[in-house]
**Student:** 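Dropping a structure here in structure tokens format, bear with me for questions.
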Protein chains: 2
Amino acid sequence: MPRTVLDRADAVRALAGVFRRRGFESGSLSVIQQETGIGRGSLYHFFPDGKADMARAVLAQVRAWFDEQVFAPLRTADDAAQAVAAMSQVVEEYFVSRERVCLFAAMTLGEEQETFAREVRAYFADWVGVLAETLRRGGIVESEAADLAVDAVAAIQGGLIMTRALDDDAVFTGIVARTDRRLQAALTRKGMGS
Amino acid sequence: MPRTVLDRADAVRALAGVFRRRGFESGSLSVIQQETGIGRGSLYHFFPDGKADMARAVLAQVRAWFDEQVFAPLRTADDAAQAVAAMSQVVEEYFVSRERVCLFAAMTLGEEQETFAREVRAYFADWVGVLAETLRRGGIVESEAADLAVDAVAAIQGGLIMTRALDDDAVFTGIVARTDRRLQAALTRKGMGS
DNA sequence: TACACTCTGAACCAATCGGTACAAAGTGAC
DNA sequence: GTCACTTTGTACCGATTGGTTCAGAGTGTA
């Protein structure tokens, strides 16, 4: 049963790839058409409001993925150390297999900054929040858990920048590994050390 | 003696501001003209090769600033701990007063990625290299110094993303402070602990 | 004053932009 | 096969893009 007709999810997937490679601004309609093989007609059929609609859909898909694969597991975990280790692994795989680009981070630059400010803020605030809560449940005091969580997410995001800049996946892999190690160490000493 | 005529340095300064706010892609000639008050004629007088030339000039200016204010002090310092503390302070001031945007990091996204790949790689490699060398001179073993340096620069870059996303300067300030504290702690224990 | 030189504004260009319209092709239910 | 509905390619629109040209204003020197 060959699928010849696209559905919206296919289009969103293809768009995410283009936006990761090209950026939102420079991913022009012609380029999108060419790289995805999706014609203008289909694009405006699935996304009547044009490029903004496409960006919104892609962001929503990424957000949904993180909700399922990252945030929910952290929330429901009873073993904090194991949950954090799982997060490190899942996040590493995700970004390495997706051009080493976080589309939400990309949205903090340029003009579209304001357009999606709410979604971007929610994504990072939720990530930090759910990680901090997991660390707290693991026995780390509230204030230290919050700092550790912010630092961990920042390290991952900074790792993506460095790994793209130096064009070396090992940079990102190393940063994620050491970030995980730092969180595990904090959980082991239950937030007592400095 | 009122300066009514611009020189190239004025133009570069103004362009840096526009690129930080708008990004390279969306900073169109008309927007640049409008926000800087510099006409097309002047722009193409100073930057005959157009937008690419402007980007190159802005990047070179940022690079020169870091050479002078960050890299050189680290290289010539005899007190590693003090030099690292100075770096933290200077870098924090720099980014807070410049829209919390690192133009080299912005260059790791989108199409222009390849255009300036060499300069971007050099900027980050030099920053990491000079910081690692400073830590090594401070008594930290080579392999650990390299990891610490990569992690520190990544933390700063990730901090910029988080601080823009959460629209809160305190996020960046906190991350820089804790990154500095981590480096100081490593220098104190001379790279012996884990 | 006159001169060489730097800087600037405005008009203009082809190419491309994001977006629209719509007829035709594809698809599943009956 | 027919029908309602979804998906698609093509042609097209006005606006804007990055880039060019060039006459002339601004400036320092003598």
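Convention: sequence-line order gives letters A, B, ...; per-chain numbering from 1. None of the values given here were measured: they were computed from a predicted structure. No hydrogens, no waters, no symmetry mates; every other heavy atom, side chains included, goes into these values.
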**Student:** Counting side-chain heavy atoms from C-beta on, which of dT8(D), dG19(C), dT8(C) comes nearest to Ser42(A)?
**Tutor:** dT8(D)
**Student:** Does the separation of the ring centres of Phe66(A) and Tyr94(A) fall below 6.0 angstrom?
**Tutor:** yes
**Student:** Please identify each residue that fulfils ring pair (Phe, Tyr, Trp, His ring centres under 6.0 Å) with Phe172(B), with sequence neighbours left out.
**Tutor:** none
**Student:** Quick one: which of dT7(D), dC17(C), dG18(D) gets closest to the side chain of Leu29(B)?
**Tutor:** dG18(D)
**Student:** Grab the CD1-P distance between Ile38(A) and dT10(D) for me, whole Å please.
**Tutor:** 15 Å
**Student:** Take the protein atom CZ of Arg22(B) and the nucleotide atom P of dT16(D), then report the distance between them rounded to whole Å.
**Tutor:** 14 Å
**Student:** Please give, in whole Å, the distance from dT16(D) P to Gln33(B) CD?
**Tutor:** 14 Å
**Student:** When the nearest nucleotide of DNA chain C is assigned to Gly41(A) and to Gly27(A) on a heavy-atom basis, which residue is associated with the more 5' position?
**Tutor:** Gly27(A)
**Student:** Can a side chain N or O of His45(B) be found less than 4.0 Å away from OP1 or OP2 on dC7(C)?
**Tutor:** yes
**Student:** Please give, in whole Å, the distance from dG19(D) C1' to Asp53(B) CG?
**Tutor:** 13 Å
**Student:** Dump the intermediate steps for side chain to side chain contact (heavy atoms under 4.5 Å, CB included) on Val84(B) and Leu135(B), then the final yes or no.
**Tutor:** CA-CA 8 Å; Val84(B) 167; Leu135(B) 295 173; 4.1 Å; yes
**Student:** Phe47(A) CZ to dG19(C) P: how many Å, rounded?
**Tutor:** 13 Å
**Student:** For the pair made of CG in Leu43(A) and P in dT10(D), what is the distance, rounded to whole Å?
**Tutor:** 15 Å
**Student:** Tell me the interatomic distance from Glu111(A), atom CD, to dT16(D), atom C1', rounded to whole angstroms.
**Tutor:** 13 Å
**Student:** Would Arg182(A) and Arg182(B) count as a side chain to side chain contact (heavy atoms under 4.5 Å, CB included) if you check the C-alpha gap in whole Å, the side-chain angles of each, and the deciding distance to 0.1 Å?
**Tutor:** CA-CA 11 Å; Arg182(A) 202 173 303 130; Arg182(B) 201 173 304 130; 3.7 Å; yes
**Student:** Does a distance-only test, which skips hydrogens and angles, find a donor-acceptor pair under 3.5 Å between the side chain of Arg40(A) and the base of dG18(C)?
**Tutor:** yes
**Student:** Just checking Tyr44(B): base, sugar-phosphate only, or nothing, at a heavy-atom cut-off of under 4.0 Å?
**Tutor:** base
**Student:** Choosing from dT6(D), dG18(C), dC17(C), which nucleotide comes nearest the side chain of Ser30(A)?
**Tutor:** dC17(C)
**Student:** Look at the rings of Phe104(A) and Phe124(A) and say which category their plane angle falls in: under 30° parallel, 30 to 60° tilted, over 60° perpendicular.
**Tutor:** perpendicular
**Student:** Could you tell me the separation between the CD atom of Glu25(A) and the P atom of dT17(D), rounded to a whole number of Å?
**Tutor:** 12 Å
